[in-house]
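First comes the structure, then the notes that go with it.
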There are 2 protein chains.
Amino acid sequence: MSRTPSVSRRERPAKPALSREAVVAAAAGLVRAHGTEKVTMRRLAQELDTGPASLYVYVRDTAELHSAVLDVFLAEVDLTPVTTTGDWRDRVWRVLESYTGLLYERPGLARAALVTHLSGPHYLALVEGLLALLASGGVPADRAAWAVDILLLVATASAAEQSIRDATPSAPAEDDDLVAAVTRADPAVHPHIAALGADLFSGSGPDRGRWFVDVLLAGATVTPRPPKETS
Amino acid sequence: MSRTPSVSRRERPAKPALSREAVVAAAAGLVRAHGTEKVTMRRLAQELDTGPASLYVYVRDTAELHSAVLDVFLAEVDLTPVTTTGDWRDRVWRVLESYTGLLYERPGLARAALVTHLSGPHYLALVEGLLALLASGGVPADRAAWAVDILLLVATASAAEQSIRDATPSAPAEDDDLVAAVTRADPAVHPHIAALGADLFSGSGPDRGRWFVDVLLAGATVTPRPPKETS
DNA sequence: ACCTGAACACCGTTCAAGT
DNA sequence: ACCTGAACACCGTTCAAGT
């Protein structure tokens with residue numbers, strides 16, 4: 001008496017067909033559920049009910065996987081300020097705020113973004129939007145490219161850095177080595193650091209960010225003149 | 001007849017006594033000889049003729065080790081521009097050039113610096129030097145703190161990024177995903193990116209860097225005025 | 001042709017047990 | 001008290017061998 005084949009074929013939920021989309025989506029799910037640190041080739045393979053080797057058909061390596069996952073999250077960046085009216089600098093700021101806000105909740109991704117080149121569609125859309133805003137503000141195209149690069153870098157780094165602090169509870173990270181070193185700074189050796197003291201870390205992320213955006217955008221709109229010689 | 005104790009005690013070159021300095025110095029040697037990637041707890045322990053567990057007496061974890069090693073290399077930063085005469089902006093630039101040059105040859109360390117907080121003595125000396133220069137240029141202390149942060153961030157990132165390109169041979173990284181994506185960009189969807197094309201990556205590291213330093217320092221010396229309302 | 005089990009060559013960190 | 005062998009719990013990536 002043989003078992004009924006049609007029933008015994010499989011007991012567990014259908015194993016979804018693999019594809020790049022499925023792999024990246026599963027990885028994004030892993031980030032959402034357990035954080036970026038848990039997104040390893042092996043864990044992801046387990047999640048997809050296969051062996052790690054199979055993933056290499058769809059992603060080049062772990063770095064590329066991380067970059068693809070980040071792009072999934074970049075879909076959440078609010079680009080509406082690009083097509084809104086209002087001061088262009090404010091609109092740049094709002095886009096960056098949306099970008100940073102996203103990364104604040106996904107610190108591991110911010111750190112990954114710091115050491116990889118992004119190239120996904122949502123990243124391109126973000127860059128395009130910022131370039132459009134800078135163009136509308138009268139920033140020359142070549143400077144706009146540089147400015148967007150740096151704006152995104154600083155935004156990413158601020159998210160990544162915040163995540164370092166957040167790993168420990170205390171407000172300005174009592175036990176941070178840098179804070180300790182600054183507090184211990186000898187005024188005779190490091191007068192400026194000693195004078196600033198904890199003010200070295202002053203200013204909220206947003207305050208610093210807004211200041212930087214204003215400075216950079218102001219500088220980018222100025223046609224650069226060569227520094228005057230000893231005349 | 002017992003073996004002569006004084007001779008048989010050890011056959012190999014003296015195992016150097018462990019200490020934080022010895023551990024960090026050995027790690028720096030590993031970086032010099034084989035690159036930052038090879039500086040793992042296990043390899044370092046092997047180098048020091050002990051087990052990995054022993055290292056945890058002297059360093060908290062791998063991140064702290066990397067940060068300590070980086071500080072060793074930061075000893076090479078040329079801080080003489082701090083006490084020289086000449087345009088203060090030039091002198092800031094020269095210090096940053098020295099810092100970046102160092103990291104260009106140690107890409108792994110640049111990447112490490114991007115994701116850790118530094119706090120070593122040479123890092124403090126670098127920050128102190130930059131703060132002194134900005135102060136001499138009339139930058140208010142609180143803005144100077146922000147500016148130095150960002151200057152070092154951008155310098156570090158540019159070294160880390162260069163290292164990503166350098167990992168592959170071709171000049172503007174032919175096979176870079178981002179370059180490919182930009183080249184493929186549809187002008188209808190991404191007009192600004194398509195218009196810029198390869199110019200998105202234009203400008204040498206130093207050109208971009210110098211431009212950025214000038215913009216930031218110009219902005220930092222301006223007393224910020226609240227953006228004028230709709231008046 | 002396509003996919004993957006199993007292996008290779010590693011990791012960081014902890015802790016019980018030694019001296 | 002100080003130090004560490006050995007173990008625990010993982011990694012990324014490759015490739016020979018299957019279907």
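Order of the sequence lines sets the chain letters (A, B, ...), proteins ahead of strands, with each chain counted from 1.
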Less than 4.5 Å apart, any side-chain heavy atom of B:Leu178 and any of A:Leu118? no
Expected output: side-chain A:Thr183 to main-chain A:Val179 donor-acceptor under 3.5 Å: yes
Dot-bracket notation for DNA chain C is requested: 5' to 3', Watson-Crick or G-U wobble pairs only, both distances under 3.5 Å, with ( ), [ ], | and . as defined. ||.|||||...|||||.||
For DNA chain C, which residues of residues 51-59 of chain B approach it to below 4.0 angstrom with any heavy atom? B:Pro52, B:Ala53, B:Tyr56
Find the distance between CG (B:Leu44) and OH (B:Tyr58) and round it off to the nearest 0.5 Å. 12.0 Å
Thinking salt bridges, do B:Glu47 and B:Lys38 make one under a 4.0 Å N-O criterion? no
If you check every side-chain atom of A:Met41, which of D:dT4, D:dG12, C:dG12 has the closest atom? D:dG12
With a 4.0 Å cutoff (strictly under), does any side-chain N or O of B:Arg43 reach OP1 or OP2 of C:dC11? yes
Go through the steps for B:Leu124 and B:Glu128 under the test side-chain contact (heavy atoms from CB on, under 4.5 Å), then give the verdict. CA-CA 6 Å; B:Leu124 285 191; B:Glu128 174 68 22; over 6 Å; no
Between B:Asp49 (CG) and D:dC3 (C1'), how many Å, whole number? 14 Å
Using side-chain heavy atoms (C-beta onward) and a distance below 4.5 Å, is B:Val127 in contact with B:Asp149? no
Looking at B:Thr62, does any N or O in its side chain come under 4.0 Å of the phosphate oxygens OP1/OP2 on C:dT13? yes
Atom CD of A:Glu76: over 12 foreign heavy atoms under 6.0 Å: yes
From CA spacing to verdict: side-chain contact (heavy atoms from CB on, under 4.5 Å), B:Arg111, B:Val115: CA-CA 7 Å; B:Arg111 237 135 35 197; B:Val115 294; over 6 Å; no
How many whole angstroms separate atom CZ of A:Arg42 from atom P of C:dA9? 14 Å
Roughly how many Å is it from CD in B:Glu64 to C1' in C:dT13, rounded to a whole number? 15 Å
Please test B:Leu216 against A:Phe212 for side-chain contact (heavy atoms from CB on, under 4.5 Å), starting from the C-alpha separation and ending with a verdict. CA-CA 8 Å; B:Leu216 189 69; A:Phe212 177 67; 3.9 Å; yes
Cation-pi check, B:Arg143 onto B:Trp146 ring (under 6.0 Å, within 45° of axis): yes
How many Å lie between CG on A:Leu18 and P on C:dA1, as a whole number? 21 Å
Integer-rounded Å distance: D:dA9 C1' and A:Gln46 CD: 13 Å
Within residues 27-40 of chain A: residues closer than 4.0 Å to DNA chain C (heavy atoms): none
As a quick check of understanding, evaluate side-chain contact (heavy atoms from CB on, under 4.5 Å) for A:Thr100 and A:Leu103, giving each step before the final call. CA-CA 5 Å; A:Thr100 315; A:Leu103 290 182; 5.6 Å; no
What's the gap between C:dA9 and D:dC10 when it is taken at their P atoms, as a whole Å value? 23 Å
